[in-house]
Engineer: 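A single structure is presented below for examination.
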Amino acid sequence: MSLDEHDKNLNLDPITDAPGAHPVGTGLGAALGGAAAGAAAGAFGGPVGAAAGAVVGAVAGGLGGKAVAEAVNPTAEEAYWREQYTRESYYDANRNYEDYAPAYRLGLYGRSNYTGTFDDAQSDLAVHWDNHKERSTLSWPEAEAASRAAWTRVDEQLASRQTLAGEVADNDDVIDTLNELLESCRDGEFGFTECAEHVKAQDLKTLLLRHADECRGAAAELTAQIRQLGGEPEEGGTTSGAMHRGWVSVRGTLSGYTDLAMLDECERGEDAAKARYRNALKENLPPAIRSMVERQAQGVQRNHDQVKALRDALKTAA
């Protein structure tokens with residue numbers, strides 16, 4: 001490898017020129033900061049609750065940033081907004097960068113994790129902002145425009161990357177993508193089974209066990225496809241999924257823990273699965289594999305919607 005090629009692989013920090021400043025897949029979480037990243041993971045329906053977010057923020061942030069890491073360098077984004085923010089239409093001369101920075105980070109993190117548009121995510125973003133806006137003095141209505149701008153900028157970079165890429169992803173990349181989905185399915189199977197053991201209503205128990213079976217079937221389909229491509233299916237589930245499973249196991253033993261709370265946990269787990277399928281479908285997958293992934297993604301969406309409807313019904317009846 002030539003010196004020039006070696007330098008390109010160091011992922012230099014755009015501010016300091018230091019090599020390896022933001023490893024692919026972890027830089028985004030680091031840019032957010034531990035507490036902010038973890039709280040955002042909870043706010044976006046991820047497998048880690050907001051209360052535990054400050055502890056596991058670096059892990060959750062790193063995992064969440066994997067989808068956009070190659071297209072977006074968080075240090076570069078920080079540098080861009082630090083220079084650009086005073087030129088934005090929403091800028092208030094009485095505010096400084098520290099007021100706007102958490103809003104930019106929230107938009108960046110949200111775009112890489114949330115399974116919808118910025119408008120779809122606004123209610124979750126607002127909840128996160130009110131509780132975890134760091135040292136910013138902005139209210140959510142004041143911060144919203146900055147978060148939207150950061151979200152939109154990521155959208156534009158991803159679209160540009162996809163246009164330049166054009167060709168179908170290579171075999172190894174497809175295997176990696178399918179292995180990520182496989183881990184997500186195993187998380188879902190374990191999570192639904194665990195929640196089914198703790199719910200009291202028999203109809204809920206039956207429903208959750210059926211969803212666990214569906215996750216098991218999707219995992220088997222992915223395993224077969226990975227092997228057909230010459231890959232090796234990974235064992236176990238994701239780190240974030242393990243956190244989710246552990247939380248359910250511990251909290252489920254507490255007296256008075258309700259069916260409603262268990263459905264909340266299931267919805268958070270399916271939100272995480274939706275995000276992973278959404279990220280997989282951003283890749284240029286071969287047509288047959290894309291069709292399989294799209295079909296499984298629709299199943300995840302149905303599971304999510306059914307769990308959410310049941311949760312809302314229980315909440316209304318409470």
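Residue numbers run from 1 in the order of the sequence given. In this text, all values refer to a predicted model and were calculated from it rather than measured experimentally.
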Engineer: Is the shortest distance from a Lys or Arg side-chain nitrogen in Arg295 or Glu221 to a carboxylate oxygen in the other one below 4.0 Å?
Structural biologist: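 Salt bridge between Arg295 and Glu221, a charged N being under 4.0 Å from a carboxylate O: yes.
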Engineer: With a 4.0 Å cut-off, would you call Glu77 and Arg105 a salt bridge?
Structural biologist: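 No salt bridge links Glu77 with Arg105.
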Engineer: Show the numbers, then the answer: is there a side chain to side chain contact (heavy atoms under 4.5 Å, CB included) between Asp259 and Leu263?
Structural biologist: CA-CA 6 Å; Asp259 287 359; Leu263 288 175; 5.5 Å; no
Engineer: Quick one: CG on Leu208 to NE2 on His198, what's the gap to the nearest 0.5 Å?
Structural biologist: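 The NE2 atom of His198 is 11.5 Å from CG of Leu208, to the nearest 0.5 Å.
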Engineer: Treat each ILVMFWY residue as a node, draw an edge where side-chain heavy atoms are under 4.5 Å apart, and state whether Leu207 and Leu209 are in one component.
Structural biologist: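 No; tracing contacts between hydrophobic side chains, which count when under 4.5 Å, never links both residues.
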Engineer: For a quick test of reading the model, state the closest non-hydrogen atom pair linking Thr86 to Tyr91 and the distance between them.
Structural biologist: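 So the two residues come closest at O-CD2, 3.4 Å.
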Engineer: Less than 4.5 Å apart, side chain to side chain, heavy atoms only: is that true for Leu314 and Leu310?
Structural biologist: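 No. Closest side-chain heavy atoms not under 4.5 Å.
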Engineer: Does Arg87 have more than 12 heavy atoms from other residues, nucleotides or ligands lying within 6.0 Å of its CZ?
Structural biologist: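 Count over threshold, so yes.
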Engineer: Over all heavy atoms of both residues, which pair between Arg148 and Asp119 is shortest? Give the atoms and the distance, please.
Structural biologist: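 It is NH2-OD1, 2.8 Å.
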Engineer: Please find the pair of heavy atoms, one from Ala297 and one from Leu281, that lie closest to each other, and give the distance.
Structural biologist: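 Closest heavy-atom pair between Ala297 and Leu281: CB-CD1, 4.2 Å.
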Engineer: Working to the nearest 0.5 Å, report the span between CD of Glu294 and CD1 of Ile289.
Structural biologist: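 Reported value, rounded in 0.5 Å steps: 12.5 Å.
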Engineer: Does Glu214 form a side chain to side chain contact (heavy atoms under 4.5 Å, CB included) with Val300? I'd like the steps, not just the answer.
Structural biologist: CA-CA 9 Å; Glu214 291 167 354; Val300 170; over 6 Å; no
Engineer: Quick one: does Glu270's side chain get under 4.5 Å of Phe192's, heavy atoms only?
Structural biologist: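 Yes, side chains in contact.
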Engineer: Tell me whether the rings of Tyr104 and Trp81 are parallel (<30°), tilted (30 to 60°) or perpendicular (>60°).
Structural biologist: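 Ring orientation, 0 to 90° scale: parallel.
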Engineer: Please evaluate residues Phe118 and Thr152 with respect to the criterion side chain to side chain contact (heavy atoms under 4.5 Å, CB included), reporting the C-alpha separation (whole Å), side-chain torsions for both, the decisive distance (0.1 Å), and the verdict.
Structural biologist: CA-CA 8 Å; Phe118 182 88; Thr152 300; over 6 Å; no
Engineer: What are the two closest non-hydrogen atoms of Ala143 and Ala103, and how far apart are they?
Structural biologist: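 Looking at all heavy atoms of both residues, the closest pair is O-CB, 3.7 Å.
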Engineer: Report the residues that fulfil salt bridge (charged side-chain N to carboxylate O under 4.0 Å, His left out) with Asp305, sequence neighbours left out, ordered by chain and then residue number.
Structural biologist: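 Result, salt bridge (charged side-chain N to carboxylate O under 4.0 Å, His left out) vs Asp305: none returned.
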Engineer: With side chains defined as the heavy atoms from C-beta onward, is the minimum distance between Leu178 and Met292 less than 4.5 Å?
Structural biologist: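 Result yes, sub-4.5 Å side-chain heavy-atom pair found.
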Engineer: Please check: side-chain N/O of Thr177 versus main-chain N/O of Asp173, any donor-acceptor pairing under 3.5 Å?
Structural biologist: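 Side chain of Thr177 to backbone of Asp173: a pair is present.
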Engineer: With side chain to side chain contact (heavy atoms under 4.5 Å, CB included) as the test, would you mind laying out the steps for Cys185 and Tyr277 before giving the verdict?
Structural biologist: CA-CA 10 Å; Cys185 288; Tyr277 273 93; 3.4 Å; yes
Engineer: For the pair Lys205 and Glu197, find out whether any cationic side-chain nitrogen is under 4.0 Å from an anionic carboxylate oxygen.
Structural biologist: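 No.
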Engineer: Please round to the nearest 0.5 Å and tell me the distance separating atom CD of Glu98 and atom CD of Glu134.
Structural biologist: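 If I round to the nearest 0.5 Å, the distance is 8.5 Å.
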Engineer: Partners of Tyr97 by ring-ring contact (aromatic ring centres under 6.0 Å, His included), sequence neighbours excluded?
Structural biologist: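 Tyr97 satisfies ring-ring contact (aromatic ring centres under 6.0 Å, His included) with Tyr85 only.
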Engineer: Of the non-hydrogen atoms in Trp151 and Gly110, which two are nearest, and what is the gap between them?
Structural biologist: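 Closest heavy-atom pair between Trp151 and Gly110: CZ3-C, 3.5 Å.
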Engineer: Nearest 0.5 Å please: distance from the CG atom of Leu125 over to the CD atom of Glu144.
Structural biologist: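 CD of Glu144 is found 8.5 Å from CG of Leu125.
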Engineer: For Gln306 and His211, what are the C-alpha separation, side-chain angles and deciding distance, and is it a side-chain hydrogen bond (donor to acceptor under 3.5 Å, both in side chains)?
Structural biologist: CA-CA 10 Å; Gln306 189 170 25; His211 287 333; 3.3 Å; yes
Engineer: Less than 4.0 angstrom from a charged side-chain N to a carboxylate O is my criterion; do Glu142 and Arg95 meet it?
Structural biologist: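 Salt bridge flag = yes for Arg95 with Glu142.
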Engineer: Looking only at heavy atoms, what is the nearest atom pair of Asp99 and Arg135, with distance?
Structural biologist: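 Where Asp99 meets Arg135 most closely, the heavy atoms are OD1-O, 4.2 Å.
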Engineer: Flag the pair Asp213 and Arg210 as a salt bridge only when some basic side-chain nitrogen lies within less than 4.0 angstrom of an acidic carboxylate oxygen.
Structural biologist: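 No, this pair does not count.
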Engineer: Any ion pair linking Arg276 and Glu180 (charged N to carboxylate O, less than 4.0 Å)?
Structural biologist: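 A salt bridge is absent here (no side-chain N lies under 4.0 Å from a carboxylate O).
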Engineer: Let me check something: any side-chain donor-acceptor pairs from residues 228-235 under 3.5 Å, sequence neighbours excluded? List them with distances.
Structural biologist:
none

